[in-house]
Amino acid sequence: MTDTPRRRLADHVSSSPTFIGAGSALTGNLQCGGDLVVAGSVNGDSTVRGSFTLSEGGRWEGRIACANAVIAGEVEGTLSVTDKLEIRASARLRGALSARSIAVARGAVTEGEMAVTSGQPVVHYEEKRKA
């Protein structure tokens, strides 16, 4: 067992998330009791009780509500995050975003309203680690 601190949200995803693989497409609404990882395409709304990860190459169109999120793909819609939102350099977001804290990598593209509910400033960072 390691005592290495887990600073990145992606390090905290559970060992058995719900997974929508690359090349898969889902149309409809999804209720997820744990973590959700999407590498394919989704058109619909979702409530995720755990962490939501949209991998590079993944696409989401619709509304997402979750506890934490790591976005590396494309989102068009509304993203409501209770705690932390990490937007990777490959991310493309269009719509309304809200989270308690938001970190945006240089190179990410966001269009629309962005609200940090804690009142803290948005953190901008340079990606140094690979996914």
Side-chain angles (χ1 to χ4, degrees):
M1 180 163 232
T2 180
D3 291 329
T4 305
R6 293 179 171 193
R7 294 188 179 121
R8 291 177 22 165
L9 285 175
D11 294 339
H12 294 278
V13 174
S14 72
S15 61
S16 59
T18 299
F19 190 79
I20 299 172
S24 298
L26 172 70
T27 299
N29 298 334
L30 177 64
Q31 298 293 319
C32 191
D35 296 340
L36 175 63
V37 177
V38 175
S41 172
V42 176
N43 186 338
D45 299 337
S46 183
T47 300
V48 180
R49 289 189 183 262
S51 294
F52 170 68
T53 303
L54 183 63
S55 301
E56 188 172 350
R59 178 164 170 69
W60 190 286
E61 190 172 332
R63 186 191 63 77
I64 308 159
C66 58
N68 294 294
V70 177
I71 307 297
E74 295 181 43
V75 174
E76 187 168 335
T78 303
L79 180 58
S80 300
V81 181
T82 307
D83 199 16
K84 297 177 183 177
L85 169 59
E86 179 181 324
I87 302 172
R88 301 269 176 91
S90 59
R92 304 293 178 258
L93 295 98
R94 177 183 288 160
L97 312 173
S98 68
R100 187 182 63 78
S101 67
I102 299 176
V104 181
R106 295 196 197 306
V109 176
T110 60
E111 296 178 28
E113 182 180 322
M114 184 181 299
V116 181
T117 59
S118 67
Q120 297 295 316
V122 173
V123 174
H124 294 277
Y125 70 97
E126 191 75 40
E127 281 189 15
K128 295 179 182 173
R129 292 173 34 178
K130 294 206 178 212

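In this structure, Ile71 and Ala91 approach most closely via the heavy-atom pair O-CB, 3.4 Å. Of all heavy-atom pairs spanning Ser90 and Ala72, the tightest one is OG-O, 2.6 Å. Between Ala115 and Ile102, the shortest heavy-atom distance links the atoms O-CD1, 3.7 Å.
If you take CD on Glu61 and CG on Asp45, they are separated by 10.5 Å, rounding to the nearest 0.5 Å. Here Leu79 contributes atom CG and Arg63 contributes atom CZ; the two are 10.5 Å apart, rounded to the nearest 0.5 Å. Here Phe52 contributes atom CZ and Ser46 contributes atom OG; the two are 7.5 Å apart, rounded to the nearest 0.5 Å. Rounding to the nearest 0.5 Å gives a distance of 9.5 Å between OG1 of Thr53 and CG of Asn68. Note that CZ of Arg106 and CD of Glu126 are 6.0 Å apart. Values are rounded to the nearest 0.5 Å. Remark: Met114 CE to Leu97 CG distance equals 5.0 Å, nearest 0.5 Å.
Residues meeting the side chain to side chain contact (heavy atoms under 4.5 Å, CB included) test with Ala89, sequence neighbours left out: Ala105, Glu127. For Asn29, the side chain to side chain donor-acceptor pair (under 3.5 Å) criterion is met by no residue, not counting sequence neighbours. By the side chain to side chain donor-acceptor pair (under 3.5 Å) test, Arg49 is found to be paired with no residue, residues two or more places apart in sequence or in another chain being considered. Shown here are the side chain to side chain donor-acceptor pair (under 3.5 Å) partners of Gln31, two or more places apart in sequence or in another chain: there are none. A search for side chain to side chain contact (heavy atoms under 4.5 Å, CB included) contacts involving Thr18 returns Cys32, Leu36, not counting sequence neighbours.
Using modelled atom types, one side-chain atom of Trp60 and one backbone atom of Gly44 make a donor-acceptor pair closer than 3.5 Å.
Contact of the Pro121 side chain with the Val116 side chain is not registered, since no non-hydrogen atoms from C-beta on lie closer than 4.5 Å.
A salt bridge is absent between Arg94 and Glu74: the closest approach of a Lys/Arg side-chain nitrogen to an acidic carboxylate oxygen does not fall below 4.0 angstrom.
For the side-chain contact (heavy atoms from CB on, under 4.5 Å) criterion with Leu30, the lone passing option out of Thr47, Ile20, Val48 is Ile20.
Screening residues 95-104 for side chain to side chain donor-acceptor pair (under 3.5 Å), with sequence neighbours left out, gives Asp83-Arg100.
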